[in-house]
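Below is one structure, written out as structure tokens; the observations come after it.
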Amino acid sequence: MIEPIIKVIIPAYNEQDSITNVINDIPKIVDEIIVISNNSTDNTEINAKNAGATVLSETRKGYGYACLKGMDYISEQKTKPEIIVFLDGDYSDYPEQLTEIIHPILHDHKDFVIGSRVKELRESGSMTPQQVFGNWLATFLMKLFFGAKFTDLGPFRAIKYDKLLALNMQDKTYGWTVEMQLKALKQKLSYVEIPVKYRNRIGVSKVSGTVKGSIFAGIKILGWIFKYSFK
């Protein structure tokens with residue numbers, strides 16, 4: 001069996017204290033780790049390069065902008081990957097679980113896998129009350145409107161590259177994860193969730209750590225859900 005080409009996309013904004021840990025813990029089966037510095041003003045880029053990652057710069061602030069930058073970079077490469085993994089740069093995820101995340105794609109013919117941050121495996125305080133509620137509400141509405149079986153909008157996820165391209169991702173900011181899940185439902189991709197561990201991030205969250213970030217993220221996520229429920 002030919003080994004699949006796997007690439008990891010990591011959006012990062014001022015993650016100098018965590019990015020090296022993230023990169024070092026990613027299993028060696030990955031062909032390329034792509035860190036997108038999203039307007040970082042610290043040593044994120046230097047530390048990521050020193051740890052062996054490809055480093056890109058995206059000055060437009062937004063999680064989606066960073067992810068799209070990584071996808072643009074991959075689209076220009078001669079040899080395309082089979083699998084893309086998305087992962088956060090704050091060390092809240094356990095990168096070594098990447099092998100578990102991609103397993104259903106490699107062995108069970110799934111198109112899309114979400115790492116679900118189940119309560120039993122979450123470190124105390126690793127998700128704010130607004131994150132927990134927001135995840136519950138978003139996944140409840142997806143179940144109500146689309147019959148979805150998602151329980152989380154977890155950032156640690158893997159998807160077949162050709163399926164990702166077919167989703168035609170658009171969101172530039174907070175709605176990236178929910179857009180991917182909604183479009184996966186619409187396009188009837190086969191998917192599954194894998195329970196993953198989750199710990200307190202290094203540093204302060206730029207989204208859930210602020211009232212403004214939480215509100216804007218909530219509005220964006222609900223906006224995508226209602227937009228798709230009436231399509």
Side-chain angles (χ1 to χ4, degrees), residues 1 3-11 18 21-34 63 67 70-71 81-127 131-143 146-164 166-167 169 175-201 208 221:
M1 178 181 172
E3 292 299 317
I5 298 173
I6 303 165
K7 292 185 184 285
V8 176
I9 290 176
I10 307 175
S18 56
N21 291 339
V22 174
I23 293 166
N24 287 342
D25 284 1
I26 292 174
K28 303 305 179 189
I29 57 171
V30 167
D31 291 82
E32 186 176 20
I33 300 167
I34 305 157
Y63 189 87
C67 292
M71 288 175 61
E82 276 76 43
I83 300 172
I84 299 292
V85 177
F86 292 91
L87 178 65
D88 277 355
D90 58 16
Y91 209 45
S92 52
D93 301 307
Y94 285 71
E96 60 269 26
Q97 288 194 275
L98 180 143
T99 51
E100 297 169 51
I101 292 282
I102 65 171
H103 187 274
I105 296 176
L106 295 178
H107 302 286
D108 302 328
H109 307 293
K110 298 296 182 185
D111 298 318
F112 182 36
V113 183
I114 301 273
S116 179
R117 299 165 292 183
V118 294
K119 187 176 182 180
E120 308 85 75
L121 299 178
R122 283 200 315 258
E123 196 173 278
S124 177
S126 58
M127 288 180 70
Q131 274 182 299
V132 174
F133 175 74
N135 269 303
W136 172 82
L137 180 59
T139 54
F140 170 76
L141 290 173
M142 282 195 277
K143 181 178 181 181
F146 309 107
K149 297 177 181 176
F150 294 123
T151 64
D152 194 11
L153 305 179
F156 197 3
R157 51 185 57 204
I159 185 169
K160 290 179 179 176
Y161 181 61
D162 59 339
K163 302 296 184 183
L164 175 61
L167 295 183
M169 294 292 293
W176 174 270
T177 54
V178 74
E179 180 195 2
M180 188 181 294
Q181 284 165 253
L182 287 167
K183 287 184 171 180
L185 292 170
K186 281 286 187 178
Q187 296 190 18
K188 295 183 167 45
L189 300 192
S190 58
Y191 67 89
V192 69
E193 286 188 335
I194 298 294
V196 293
K197 296 181 287 185
Y198 200 68
R199 62 189 149 212
N200 284 284
R201 58 161 292 139
S208 60
I221 288 166

With no hydrogens and no angle check, is any side-chain donor or acceptor of [X] less than 3.5 Å from a backbone partner on [Y]?
X	Y	result
Asp31	Ile6	yes
Arg199	Glu123	no
Asn135	Thr151	no
Ser116	Pro195	no
Gln97	Lys197	yes

Between [atom1] of [X] and [atom2] of [Y], what distance do you get to the nearest 0.5 Å?
X	Y	atom1	atom2	result
Leu167	Lys186	CG	NZ	13.5 Å
Phe112	Met180	CZ	CE	5.5 Å
Arg117	Glu193	CZ	CD	10.5 Å
Ile83	Ile105	CD1	CD1	4.5 Å
Leu141	Leu182	CG	CG	10.0 Å
Arg122	Met127	CZ	CE	5.0 Å

Pairwise side-chain contact, [X] with [Y], heavy-atom cut-off 4.5 Å (strictly under):
X	Y	result
Leu98	Leu87	no
Asp25	Tyr91	yes
Phe86	Leu164	yes
Tyr63	Pro155	yes

Heavy-atom pair with the smallest gap, counting every atom of [X] and [Y]:
X	Y	result
Ser18	Asp90	OG-CA, 3.5 Å
Leu185	Ala148	CD1-CB, 3.6 Å
Ile33	Ile26	CD1-CD1, 3.7 Å
Pro81	Tyr161	O-CB, 3.2 Å
Met142	Gln181	CE-NE2, 4.0 Å
Ala158	Ile101	CB-CG2, 3.5 Å

- Item | Parallel, tilted or perpendicular: rings of Phe140 and Trp136 (30°, 60°) |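 Plane angle under 30°, so parallel.
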- Message: For Arg157, run the side chain to side chain contact (heavy atoms under 4.5 Å, CB included) check against Asp152, Val196, Val85, Thr177 and tell me which one passes.
- Response: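 With Arg157 as partner, side chain to side chain contact (heavy atoms under 4.5 Å, CB included) holds for just one option, Thr177.
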- Query: Crowded around Lys7 NZ? As in, over 12 foreign heavy atoms under 6.0 Å?
  - Reply: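 For Lys7, atom NZ is crowded (more than 12 foreign heavy atoms under 6.0 Å).
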- Query: Aromatic ring centroids of Tyr191 and Phe150 under 6.0 Å?
  - Reply: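 Yes, the ring centres sit under 6.0 Å apart.
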